[in-house]
Colleague: 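Dumping the structure here so I can ask a few things about it.
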Amino acid sequence: SQHLWKIINEELQQSSFVKSKSKQTIQTTIMSMTRWDPVNKKPLAHTALGGFPLALFGSGSMFSWPKNINELINCLQNDTKVDASQIFDDSCSRGTIWANFSTTIGAVLHELGHSFGLWHVLRKKNSPYPHPVMERGFDHFNRVLAVTEPGYKINAPFSIKDEMCWEPHSAIRLRYSPFFALDERIIPSLEKPEVTICNGIIECKSNNGLVDIAFIWNGDVQDHCPFVMNYFSTIPPTSYCVKIDNIKSSINYPKGLSPLIGVIATDIYGNTKTIESLIENSQNLNEKIRIKLKHKLTNNYLITTNIDYDHENSSNQQRVHCIDNHNHHNQQNLINIYDIWTIEILQRTDKKQQFSKLPVSGDVIRIFNDASNCFLHSHGGIPSPITHQQEVTCYPYDDSNNYWQLEILDNSILENNCKIRLFHSLTNHYLHSHSHFEQLLLTQLQEVTCYSYKFDENNDWVI
């Protein structure tokens, strides 16, 4: 998906159409080469991916779209079943023509939202906005246009709560986006808001005035503070402070873990500052510990190499594997093996251990590979090469996806031979390995992934 997005975006940016524009543009592109493979029961050349400046979507369900405005009512009411063995059924398991039309047009809007910088939002129980576009609410796009749908409360019209909508955070972001400003509007300042954390308090500042502050965790906007619901209905504040404990109390996260809260601050000109994970550094936590990390069940050691991943849909970042530490020095030196890691403490969550300079359970850490000059890293949506679980890489730049939370299973302080788990905070997965191997230049490399189930023994590592 990312490879398709990158290729098509590069072609569009070089096109005469985009180059002729005096201002930045966002493109919505439908790929005409999407096909359904009836043998393997999967779409080919299909994706749903948005990010500035491109919203990209496949054409596999365009058979359900109206050709013109006169066909719109028929598409909204067409209850014909789709033969999913022969045709791509992208209807959220509803299996009809109208549902394919609703889901796929709605999904294009969802990806377009990402192109404008919008994040996924958490659909909360009892919310007055139960079907947000930036969640799965886009499946109900049809309800914006029709008063009923086949099979839904026969002949009963929809209420506002039944319809797809832009919930308040997304609506405010779009309302103040420069892309929706009048051509004559002068934007006097492109300065982004400032976001800092100190003594457990998040502070956001903007000389232009803040219109919205959103709090993110695990890839979703969990909550937000709007300062203007109607244009110029109030004077936007230039600063805002909130205790991070107050935010944590409203976020649904696994027990025993301290969430890495992120912030999106938006000012009145649509300038935004996004920090995916706020880390409050402590001067006491400056100790760096060099380790080797052994996978408990296979007794193989965590390593990185000088070679990048190149499997289908990979990130093309540097490989991370496990290898037999006793034998790899005897193998032919066709690839470099780097197995020494440095733990750096970023944040302490256990206040009882605030004076310990050794890593303790609950610490937020980065793990740096000295030889390759890269951080242990993972990211959502990218498959591993063998089992297609979440890919783990080494990444050279400072990034929130380098942050891990340390769980020490048989002690409170990190020491030799203690058993640990590493929780990847942004994707809610655990560092994981298993007895699946690939051969690379005469070397047997054990796959390393991230895995969502906490209590799998393959998540256990030994220092």
Side-chain angles (χ1 to χ4, degrees), residues 117 119 121-122 124 168-169 172-173 176 189 191-229 234-287 344-357 359-366 398-406 423-426 428:
W119 285 57
V121 298
L122 182 69
K124 293 186 175 181
H169 164 70
I172 291 172
R173 291 280 309 278
Y176 290 94
S189 174
E191 182 182 2
K192 294 183 177 182
E194 297 179 11
V195 179
T196 58
I197 179 172
C198 184
N199 297 324
I201 296 176
I202 297 173
E203 183 176 15
C204 302
K205 294 181 179 180
S206 172
N207 293 328
N208 301 325
L210 296 162
V211 294
D212 189 85
I213 297 173
F215 305 106
I216 51 180
W217 178 74
N218 200 27
D220 296 330
V221 170
Q222 304 271 336
D223 207 348
H224 77 123
C225 294
F227 299 109
V228 284
M229 293 300 291
T234 186
I235 298 174
T238 56
S239 67
Y240 178 76
C241 295
V242 60
K243 290 183 178 180
I244 196 166
D245 286 342
N246 292 346
I247 303 168
K248 289 180 180 180
S249 66
S250 67
I251 289 179
N252 182 25
Y253 63 93
K255 291 182 179 180
L257 296 174
S258 179
L260 289 172
I261 305 297
V263 171
I264 306 170
T266 306
D267 73 12
I268 199 167
Y269 299 118
N271 302 313
T272 61
K273 177 68 173 183
T274 301
I275 300 180
E276 293 184 22
S277 296
L278 280 168
I279 295 293
E280 183 173 10
N281 289 311
S282 170
Q283 293 180 354
N284 295 325
L285 304 179
N286 53 12
E287 194 76 14
E344 179 185 2
I345 307 169
L346 299 176
Q347 185 179 50
R348 177 139 297 160
T349 62
D350 185 352
K351 295 180 181 178
K352 295 179 181 180
Q353 299 284 358
Q354 60 180 315
F355 298 111
S356 173
K357 291 191 176 182
V360 301
S361 197
D363 281 354
V364 178
I365 62 175
R366 286 188 303 195
D398 188 18
D399 186 280
S400 299
N401 277 311
N402 303 337
Y403 298 163
W404 303 82
Q405 187 154 30
L406 176 65
F423 177 72
H424 190 251
S425 302
L426 285 187
N428 203 18

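Everything numeric in this text was worked out from a predicted model, so none of it was measured.
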Colleague: Tell me the closest heavy-atom pair linking Tyr176 and Asp267, and the distance in Å.
Modeller: CB-O, 4.2 Å
Colleague: For the backbone of Gly362 and the side chain of Gln405, can you confirm whether one donor and one acceptor N or O come within less than 3.5 Å of each other?
Modeller: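 Looks like yes, one N/O pair under 3.5 Å.
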Colleague: Considering residues at least two apart in sequence or located in another chain, which fulfil the ring-ring contact (aromatic ring centres under 6.0 Å, His included) criterion with Tyr240?
Modeller: Phe227
Colleague: Rounded to the nearest 0.5 Å, how far does OG of Ser361 lie from CZ of Arg348?
Modeller: 10.5 Å
Colleague: Taking the side chain as C-beta and beyond, is there a heavy-atom pair between Ser425 and Val364 under 4.5 Å?
Modeller: no
Colleague: Can you name the nearest heavy-atom pair linking Pro193 to Ala265, along with the distance?
Modeller: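 Closest heavy-atom pair between Pro193 and Ala265: CG-O, 3.6 Å.
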Colleague: Show the nearest heavy-atom pair for residues Glu203 and Cys241, with the distance to one decimal.
Modeller: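 Closest heavy-atom pair between Glu203 and Cys241: CG-SG, 3.6 Å.
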Colleague: Give me the atom names and distance for the closest heavy-atom approach of Asn208 to Ile268.
Modeller: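 Scanning both residues completely, I find the closest heavy atoms to be O-CG2, 3.3 Å.
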Colleague: Identify the two heavy atoms, one from His169 and one from His224, that lie closest to each other, and give their separation to 0.1 Å.
Modeller: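 Smallest heavy-atom distance, with atoms named: N-CE1, 3.5 Å.
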Colleague: Which atom pair, heavy atoms only, marks the closest approach of Asn271 to Glu191?
Modeller: ND2-O, 3.5 Å
Colleague: Can you tell me if Asn246 has over 12 outside heavy atoms packed within less than 6.0 Å of its CG?
Modeller: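 It does: Asn246 CG has more than 12 such atoms within range.
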Colleague: So, taking the atom named NE2 in His424 and the one named CG in Asn402, what distance separates them when rounded to the nearest 0.5 Å?
Modeller: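 These two atoms lie 7.5 Å from each other.
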Colleague: Between Glu344 and Arg366, is there a salt bridge with N-O shorter than 4.0 Å?
Modeller: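 Here Arg366 pairs with Glu344 in a salt bridge, since their nearest N and O are under 4.0 Å apart.
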Colleague: Distance check, rounded to the nearest 0.5 Å: Ile264 atom CD1 versus Arg173 atom CZ?
Modeller: 5.5 Å
Colleague: Contact between Asn428 and Phe423 at the side-chain level, heavy atoms closer than 4.5 Å - yes or no?
Modeller: yes
Colleague: Answer yes or no: is there a donor N or O on one side and an acceptor on the other, between the side chain of Asp363 and the main chain of Ile365, under 3.5 Å?
Modeller: no
Colleague: What's the separation between atom CD1 in Ile261 and atom CD1 in Ile202, rounded to the nearest 0.5 Å?
Modeller: 7.0 Å
Colleague: Going from OG1 on Thr238 to CG on Leu210, what distance comes out if it is rounded to the nearest 0.5 angstrom?
Modeller: 7.5 Å
Colleague: Roughly how far apart are Ile216 CD1 and Leu426 CG, rounded to 0.5 Å?
Modeller: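 So the CD1 of Ile216 and the CG of Leu426 are separated by 8.0 Å.
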Colleague: Tell me, with the steps shown, if Val263 and Phe215 meet side-chain contact (heavy atoms from CB on, under 4.5 Å).
Modeller: CA-CA 5 Å; Val263 171; Phe215 305 106; 4.0 Å; yes
Colleague: Starting from the C-alpha separation in whole Å, work towards a yes-or-no answer on side-chain contact (heavy atoms from CB on, under 4.5 Å) for Ile197 and Ile244.
Modeller: CA-CA 9 Å; Ile197 179 172; Ile244 196 166; 3.7 Å; yes
